[in-house]
Each structure stands twice: as structure tokens, then as C-alpha cells.
Engineer: 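I'd like to ask some things about the structure below.
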Amino acid sequence: MKSVLNRKTIISLMIVFAMAMAMVALSATVSHAASGTYWLKINKQRNVITAYKKVSGKWKPIRAMLCTTGAASTPTPSGTFYGGYKARWLHMVDEHGGSTYEQYTMLVNSSTQIYIHSVWYYSPKHSAQSSKEFNKLGSRGSHGCIRTSTMDAKWIYDHCKVGTKITIYSSKKSGALGKPKALHSSSGWDPTDPVKGNPHFNMRKPVITISKSKATTVQYGKSYSLKSKVSVKDPNALQNITSRLKVSSVYKWNSSSKKWVKSSFSTKKLGTYKIVYYVNDPYSTKASKAFKVKVVDTAAPTISVAANTASRKVTLGGTDAVNAISGITAKQATGSRTSAIQTTITAPDKTVTKDLTYAEAKAFTFDQVGRYKITYSVANKYNANAVSTKSIYVYCQSTVPALTGMKYTVAEAAAKTAGFTVTKVEEYSATVASGIVISQDVTAGTKSYKAITLTVSKGTDPAGTGA
């Protein structure tokens with residue numbers, strides 16, 4: 001109803017006080033700058049209040065509230081106003097002497113006595129609200145005041161200080177957030193009234209939404225945010241209340257006892273966790289939702305090769321301290337996999353020895369001069385399909401025999417016996433009186449150590465037989 005303030009003070013435990021007309025007029029003069037945090041936009045055609053909050057200098061729509069504005073015969077005035085006097089309970093009388101009581105009131109316009117307040121009560125009792133008027137929320141029907149549910153009136157009372165900007169307008173579009181769905185009352189209790197003991201409190205629970213893109217598994221030791229991609233919305237006011245989200249408890253599945261055990265979440269402990277999200281919004285109600293995430297170690301292991309291992313040299317016959325697995329290690333997040341490495345070796349003659357165990361690779365004998373290709377392979381302990389491979393080359397060389405001073409034929413035979421291919425650079429000539437001198441020329445660092453060049457000095461064959 002369009003309200004005229006009762007000058008008489010109402011004495012009641014539930015009534016704070018009533019305001020005299022002079023005080024109301026005074027409150028309307030409060031500076032417009034008293035509070036710049038919120039801005040209420042009231043669409044009287046769609047009967048929706050959209051609350052805006054200033055965030056980083058910009059107005060952001062945060063909450064939508066159903067309201068009842070003035071009927072055609074007693075319209076709510078349009079325009080921009082600044083919130084004035086507020087009262088917890090207020091006793092109002094209309095021009096015909098009708099008496100009502102309202103919760104969480106805020107003066108909008110002192111000259112016309114327009115307020116924002118809860119749907120009215122017959123008496124200052126929480127159980128004495130007009131259910132018929134409550135069910136008008138979302139449509140016109142007041143005497144000019146802006147009625148809301150008790151919860152919405154409380155939100156405005158709690159957040160919007162004296163001086164809050166209020167714009168009343170008409171539009172076919174509900175507002176930036178839309179129009180909330182109405183609740184129904186039939187008991188005399190406001191179903192949104194948060195007073196303790198309300199037997200008909202029936203607000204819709206907050207909706208906790210977990211994005212489909214939120215990972216249900218996380219690799220051991222990696223960072224993981226429990227709250228990321230989880231949002232909460234108050235369906236009663238179409239308000240995002242994700243900031244109120246909490247993780248109330250964490251459980252870990254015990255495979256031995258076959259039950260969930262209270263725990264703390266850690267990506268350095270393998271297993272399946274149940275995360276319980278919880279929200280308790282003072283302007284709606286409580287809600288919870290569970291989500292399962294598994295900490296796993298299923299990534300392919302890492303194979304490491306020690307410095308110089310990939311280009312090392314070994315000696316024919318395995319007389320070196322190194323072997324086919326020397327300098328090779330493997331690990332996954334939860335531990336070493338070196339002993340699980342399988343080795344495949346391709347010899348210089350293309351002979352392939354497959355799938356040697358760690359011990360077998362360690363005992364492998366290099367019995368050919370030339371380049372060996374060694375390929376290492378290891379699978380994840382918990383995921384046989386996650387496999388890493390790495391290849392290196394090892395050069396097997398023979399000890400070069402001492403050839404100096406030998407006849408060419410003897411030197412050639414000795415070099416071949418040592419596994420070298422002999423290249424004769426200069427033929428022996430018996431016209432030179434000196435003896436045979438054989439030198440060796442093996443270029444280090446080449447890919448193959450199978451060649452030796454014999455340089456034959458000119459001179460007289462010491463044995464007199466020629467080469």
C-alpha cells in the first residue's frame with residue numbers, strides 16, 4: 001500500500017521504532033554520495049529489482065529480486081532517488097486508516113512516502129504476513145511502495161546504505177540478470193524469512209555447478225585447484241555466490257577396508273579422493289555437492305642418458321668397465337624404473353638382439369668392431385601403454401696392433417686379425433735399399449673404427465722376398 005508514516009511509536013520487541021515525519025524529511029536530505037557501492041534499478045513494468053555493484057569503477061549486475069510496484073490506480077513514481085531512512089520493523093497506516101507492519105524498510109521518496117520493504121504483515125509477528133500479497137510478487141498491486149520478499153528486503157537493508165542510488169523505470173526487458181521464478185506462500189509465514197524457527201522456510205537451495213572440463217584425474221605431484229571450475233548460483237536471486245564456496249571435507253578411498261576415510265587432499269599421495277563442496281548463503285540457504293578426483297601416476301617414464309654416454313666407445317670383447325646399460329636410468333613420478341628397462345641392440349652386421357632385461361643388457365658382450373645401435377624402452381608401472389624409448393649409438397673399437405717395422409703382408413694380416421680393414425696406400429718397391437716401415441693412421445672421432453691405412457716405405461725388402 002502507499003504508506004503514511006504513523007507518528008506514534010510502536011512499542012514491541014520486534015519493532016525498533018517508528019519515524020516522525022520531520023525525521024523522514026531530514027533523512028531525505030542525506031548526501032547522494034553517502035554510499036556509492038550499490039545501485040538499485042527497479043523495473044516497474046516487469047516488477048524486478050536489479051542490484052548493481054561498483055567493481056573496479058564499473059557497475060556490475062549482481063542480484064535480481066521480484067517486487068510488487070504500485071497498481072494502476074496508485075502507481076510507483078518513476079525517476080532517480082537516493083535511499084533514506086531505514087527501519088528494521090515499521091508500522092504504517094494508509095489514508096483510510098489501514099494498519100500494516102513491514103520488515104527491513106528503506107525510504108525511497110519522502111514527499112510521497114514510498115518505501116522499499118517486505119510484503120506487509122497484519123501484526124508485528126513473523127507468522128502474520130499476507131500470503132495473498134506475497135503471491136503478487138512479480139506483478140503490480142501495491143499502493144505505491146516497492147514490496148519484496150523478506151529475504152530480498154533484508155539483503156537491501158544489509159547492503160544498501162542511506163544515500164544509495166535508486167532508479168525507477170519501465171521496460172519490457174526484465175533487467176540484466178532476468179526475472180527470478182516466484183515462490184508461493186499459503187501459511188502466513190514468508191517462505192524466505194530467515195528468522196529462526198520459520199516452519200515454512202522454503203527457499204531454493206544454491207546450485208553448485210562443477211564444469212565438465214574440470215579434471216577428474218591429476219598426475220602425481222602436479223598442482224591442482226579444488227575450487228577451480230566450480231561455481232555457485234543462488235536461483236532465488238539469480239546471483240553468483242561462488243565466493244561463498246568452501247571445501248567442507250575430503251575423503252580418500254581405502255581399498256583395504258573398502259570405505260571412504262576422512263583425509264586431506266594431496267597430489268603426492270596416490271588414490272581416489274571425494275571432495276565435498278559446501279555453501280551456506282545467509283540470503284538463501286545451504287547446499288553441498290561431492291566430486292571425485294583421482295591422483296595417478298600414469299605418464300610415460302623419463303629415460304635419462306648420462307653425459308658422454310650417447311657417443312661412448314667400447315673395446316672389442318668387453319674389456320671396458322662400461323656395458324650396454326651403463327649411464328642409462330629411468331624414472332616416473334613415484335619412483336625409479338631403471339631396473340625395468342628393456343634393451344634392444346643392433347650390431348654392426350645388423351644382427352638384432354631384442355628385449356634384453358636390465359641384467360642381460362649389463363652382461364652383453366660387444367663382439368664386433370663398428371657401430372652398435374642401442375634402443376632402451378620402459379613402461380609406466382601403473383600404465384603399460386605409457387612407454388618411453390630412447391636410442392644411442394656405441395662405437396666398438398679394437399686395440400690397434402703395433403705394426404711398425406713389419407713386412408706389409410705380415411702387417412696386413414695382423415690388422416685384419418684385429419678387426420680392421422686394411423687399405424694399402426703405396427705399393428712396396430724393391431728398388432729402395434731401406435727396409436719396410438709400416439705406420440698406422442686411425443682418425444679418432446669417426447663413426448667407424450674399422451679402417452687402418454698402411455703406408456709402405458720404399459726400400460729393399462729386408463727378407464729379400466718382396467711384398
Side-chain angles (χ1 to χ4, degrees), residues 215-224 252-256 263-273 293-399 419 444-449:
T216 56
T217 61
V218 55
Q219 288 294 325
Y220 180 92
K222 299 293 184 180
S223 61
Y224 186 83
K252 190 171 185 287
W253 179 252
N254 187 305
S255 56
S256 299
S263 179
S264 58
F265 180 77
S266 173
T267 63
K268 291 190 176 180
K269 293 181 180 179
L270 297 177
T272 302
Y273 294 83
V293 59
K294 191 172 185 180
V295 177
V296 298
D297 179 13
T298 57
T302 300
I303 299 175
S304 299
V305 181
N308 300 322
T309 295
S311 59
R312 70 172 178 240
K313 308 173 187 67
V314 295
T315 303
L316 187 71
T319 58
D320 302 279
V322 297
N323 54 65
I325 202 72
S326 292
I328 309 299
T329 57
K331 67 177 181 178
Q332 62 186 69
T334 51
S336 173
R337 291 293 286 158
T338 301
S339 63
I341 294 175
Q342 290 189 315
T343 304
T344 295
I345 302 175
T346 302
D349 65 358
K350 306 305 180 183
T351 300
V352 179
T353 305
K354 293 184 176 181
D355 300 329
L356 297 175
T357 65
Y358 183 85
E360 290 170 340
K362 189 174 182 179
F364 180 82
T365 299
F366 295 94
D367 57 3
Q368 297 180 36
V369 172
R371 186 175 74 160
Y372 283 77
K373 180 181 180 181
I374 306 179
T375 300
Y376 304 101
S377 176
V378 63
N380 182 287
K381 180 179 180 180
Y382 307 109
N383 180 11
N385 294 321
V387 180
S388 288
T389 60
K390 187 179 286 290
S391 296
I392 67 169
Y393 292 91
V394 171
Y395 304 97
C396 181
Q397 60 185 358
S398 175
T399 302
T446 58
K447 290 186 177 181
S448 176
Y449 284 79

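If you read the sequence from its start, that first residue is 1, and numbering goes on from there.
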Engineer: Cut-off 3.5 Å, side chains only: do Asp367 and Thr365 have a donor facing an acceptor?
Structural biologist: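 Side-chain D/A pair, Asp367 to Thr365: absent.
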
Engineer: When you measure from the side chain of Gln332 to the backbone N and O of Thr298, does any donor-acceptor pair fall under 3.5 Å?
Structural biologist: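 It does not hold such a pair.
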
Engineer: Just by distance, do the side chain of Asp297 and the backbone of Thr334 share a donor-acceptor pair under 3.5 Å?
Structural biologist: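 The answer is yes, because a donor-acceptor pair under 3.5 Å joins these two groups.
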
Engineer: Taking atom NZ of Lys390 as the centre, does the number of heavy atoms from other residues, nucleotides or ligands within less than 6.0 Å exceed 12?
Structural biologist: no

Engineer: Heavy atoms only: give me the nearest Tyr220-Lys269 pair and the separation to one decimal.
Structural biologist: CE1-N, 4.0 Å

Engineer: If I compare all heavy atoms of Thr343 with all of Tyr376, which pair ends up nearest, and what's the gap?
Structural biologist: OG1-CD2, 3.5 Å

Engineer: Looking at Leu270, is its backbone amide N or carbonyl O close enough to the side chain of Lys252 to form a donor-acceptor pair, meaning the two atoms are under 3.5 Å apart?
Structural biologist: yes

Engineer: Does the plane of the ring in Tyr224 sit parallel, tilted or perpendicular to the ring in Phe265? Use 30° and 60° as the thresholds.
Structural biologist: tilted

Engineer: Under the criterion side-chain contact (heavy atoms from CB on, under 4.5 Å), I'd like the reasoning laid out for Ser377 against Thr344: C-alpha separation, chi angles, the key distance, then a yes or no.
Structural biologist: CA-CA 8 Å; Ser377 176; Thr344 295; over 6 Å; no

Engineer: Examine distances only and state if a side-chain atom of Thr267 and a backbone atom of Ser223 form a donor-acceptor pair shorter than 3.5 Å.
Structural biologist: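 Pair absent, no side-chain N/O of Thr267 close to backbone of Ser223.
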
Engineer: Counting N and O atoms only, with roles assigned by atom type, does the side chain of Asn323 sit under 3.5 Å from a partner on the main chain of Phe364, one being a donor and the other an acceptor?
Structural biologist: no

Engineer: Could you tell me whether a side-chain N or O of Ser388 sits under 3.5 Å from a main-chain N or O of Pro301, the two making a donor and an acceptor?
Structural biologist: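 Checked: pair present.
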
Engineer: Quick one, Lys373 and Ile345 - any side-chain contact, counting heavy atoms below 4.5 Å?
Structural biologist: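 No; the side chains remain at least 4.5 Å from each other.
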
